[in-house]
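Okay, structure first, notes after.
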Amino acid sequence: MAEQAQQSMQVSNTRDFPPKGEPQITNFNRIGLWSLYIKEIRRFLKVQTQTVWAPAVTTLLFLVIFTVALGRDGREVLGVSFGTFVAPGLIMMGMMQNAFANSSFSLLAGKMQGTIIDLLMPPLSNAELMLGIVAAAITRAVMVGGAVALAMWLYPGVELQVAHWWAVIWFGLMGATMLAILGFLASIWAEKFDHNAAITNFIVAPLSLLSGTFYVISNLAPFFQAISRANPFFYMISGFRYGFLGQSDIGNTDEALLGAAVGVGVLNIVLGLITYQVLKSGWKIKS
């Protein structure tokens with residue numbers, strides 16, 4: 001009897017465990033992806049004063065400084081007050097900068113602290129790992145955008161009225177996605193926090209500030225207008241502004257706005273594929 005019981009236990013154990021090396025998650029790992037996404041959300045929400053509300057206050061200070069410096073003499077840009085003109089650009093700028101900051105932290109912090117194995121060992125594919133971190137960065141960008149919009153709405157002299165919801169949603173998400181992907185790529189490349197800060201200070205911040213956030217590019221010389229139009233941040237911010245004001249530097253025709261919308265979507269697809277291939281190669285992560 002004891003031998004039969006032992007044999008039955010061996011048979012059941014053999015049936016309970018699959019053969020070695022045989023993958024059990026052959027499709028999309030929804031549970032793993034959701035767990036990573038929630039982990040990243042909880043990480044920045046634990047310090048939401050710093051990650052969500054502080055950027056709103058900082059961005060509002062830009063509006064206060066510029067409106068006070070220019071005075072309240074009825075200055076108008078694109079037919080609206082300067083505060084109303086600059087508010088959508090500041091919202092988009094805050095969203096993009098915080099999307100970059102969030103996605104550029106996870107892998108880099110893991111490499112610096114020696115905990116990157118916690119991201120590489122779970123049964124997540126490269127696409128799922130990238131998607132979870134990028135999605136969390138987009139979520140933070142949306143939260144920051146909402147906080148900044150609330151601050152702008154409460155500021156006197158600023159009118160936030162949506163003229164085209166599709167433009168607000170599309171260009172807002174595309175801008176956040178672009179910076180989230182770039183932040184993820186930067187975290188793969190960076191070896192210390194100084195590298196990440198250098199990209200933020202010398203690339204992200206200048207491109208966002210010099211992309212028509214505070215002015216219309218028609219005031220620039222033709223050469224600098226061409227440079228501005230080569231800046232992808234310009235299309236994100238101007239397209240987002242079009243959603244509020246119904247007009248932008250890109251052009252007020254449907255063809256111009258739709259062309260910009262398709263262009264930023266294609267750009268994000270290309271950036272996503274490049275970043276995925278870099279992650280898949282294991283460069284500076286597994287090597």
Side-chain angles (χ1 to χ4, degrees), residues 33-34 37 40-41 44-45 51-53 55-56 59-60 63 78 80 83-103 130-155 158-184 204 207-208 211-213 231-272 275:
L33 175 60
W34 179 252
Y37 173 76
E40 290 294 305
I41 294 294
F44 73 77
L45 283 182
T51 57
V52 177
W53 298 108
T59 307
L60 182 61
L63 179 64
L78 294 181
V80 297
T84 301
F85 165 80
V86 79
L90 289 174
I91 296 172
M92 188 73 258
M93 185 180 72
M95 291 176 62
M96 292 193 298
Q97 290 182 348
N98 282 274
F100 180 89
N102 198 82
S103 62
M130 177 179 167
L131 182 59
I133 294 177
V134 169
I138 296 172
T139 303
R140 175 177 167 182
V142 172
M143 290 183 178
V144 170
V148 175
L150 176 62
M152 298 294 179
W153 182 69
L154 295 174
Y155 189 78
V158 175
E159 298 180 5
L160 283 181
Q161 297 180 353
V162 178
H164 303 283
W165 275 108
W166 74 267
V168 173
I169 296 173
W170 178 256
F171 285 100
L173 290 179
M174 288 299 100
T177 301
M178 181 181 72
L179 269 295
I181 294 174
L182 289 177
F184 188 82
V204 175
L207 287 178
S208 58
S211 57
T213 303
N231 180 2
F233 287 59
F234 162 75
Y235 296 95
M236 304 297 183
I237 291 177
S238 294
F240 190 75
R241 178 180 287 127
Y242 173 82
F244 285 93
L245 305 183
Q247 50 186 330
S248 72
D249 285 359
I250 298 175
N252 298 324
T253 63
D254 294 338
E255 292 77 8
L257 267 298
L258 290 176
V262 172
V264 296
V266 172
L267 175 61
N268 280 336
I269 292 174
V270 173
L271 287 176
T275 304

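Here the closest non-hydrogen pair linking Thr213 and Val86 is O-CG2, 3.3 Å. Contact record, Ala147 with Val52: CB-O, 4.2 Å, taken as the closest heavy-atom pair. Scanning both residues, Gly94 and Thr59, for their nearest heavy atoms gives CA-OG1, 4.4 Å. Of all heavy-atom pairs between Val148 and Ala56, the closest is CG2-CA, 3.6 Å.
Atom CG in Leu63 sits 5.0 Å away from atom CE in Met152 (nearest 0.5 Å). Taking CD of Glu159 as the start and CH2 of Trp153 as the end, the distance is 12.5 Å to the nearest 0.5 Å. Distance OG1/Thr84 to CG/Leu160: 7.0 Å, rounded to 0.5 Å. A distance of 8.0 Å separates OG in Ser248 from CG in Leu78, rounded to the nearest 0.5 Å. If you take CD1 on Ile250 and CD1 on Ile237, they are separated by 10.5 Å, rounding to the nearest 0.5 Å. Between the CZ atom of Phe240 and the CG atom of Leu245 there is a distance of 10.5 Å, given to the nearest 0.5 Å.
With sequence neighbours left out, Gln247 forms a side chain to side chain donor-acceptor pair (under 3.5 Å) with no residue at all. By the ring pair (Phe, Tyr, Trp, His ring centres under 6.0 Å) test, Phe234 pairs with no residue at all, sequence neighbours left out. In this view, Ser208 and Gln97 satisfy the side chain to side chain donor-acceptor pair (under 3.5 Å) rule, not counting sequence neighbours.
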- Message: Please determine whether side chain to side chain contact (heavy atoms under 4.5 Å, CB included) holds for the pair Met130 and Thr275, giving the CA-CA distance in whole Å, both sets of side-chain angles, and the decisive distance to 0.1 Å.
- Response: CA-CA 9 Å; Met130 177 179 167; Thr275 304; 3.8 Å; yes
- Query: Should Phe233 and Met92 be marked as a side chain to side chain contact (heavy atoms under 4.5 Å, CB included) after you check the CA-CA gap, both sets of side-chain angles, and the distance that decides it?
  - Reply: CA-CA 9 Å; Phe233 287 59; Met92 188 73 258; over 6 Å; no
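The side chain to side chain donor-acceptor pair (under 3.5 Å) analysis of residues 259-269, with sequence neighbours excluded, yields no pairs. Screening residues 133-149 for side chain to side chain donor-acceptor pair (under 3.5 Å) gives Tyr37-Thr139, Asn98-Arg140, Asn102-Arg140 as the qualifying pairs, with residues at least two apart or on separate chains.
Here the side chain of Ser103 pairs no donor or acceptor atom with the backbone of Ala137 at under 3.5 angstrom. A donor-acceptor pair under 3.5 Å links the side-chain atoms of Asn231 to the main chain of Leu207, judged by distance alone. For the pair Arg241 (side chain) and Gly246 (backbone), a donor-acceptor distance under 3.5 Å is absent.
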What donor-acceptor contacts under 3.5 angstrom involve side-chain atoms of residues 162-176, with partners at least two apart or in another chain?
from, atom 1, to, atom 2, distance (Å)
His164, NE2, Tyr242, OH, 3.4
Trp170, NE1, Ala261, O, 3.0

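Looking at heavy atoms from C-beta onward, Val264 lies out of side-chain contact with Met178 at the 4.5 angstrom threshold.
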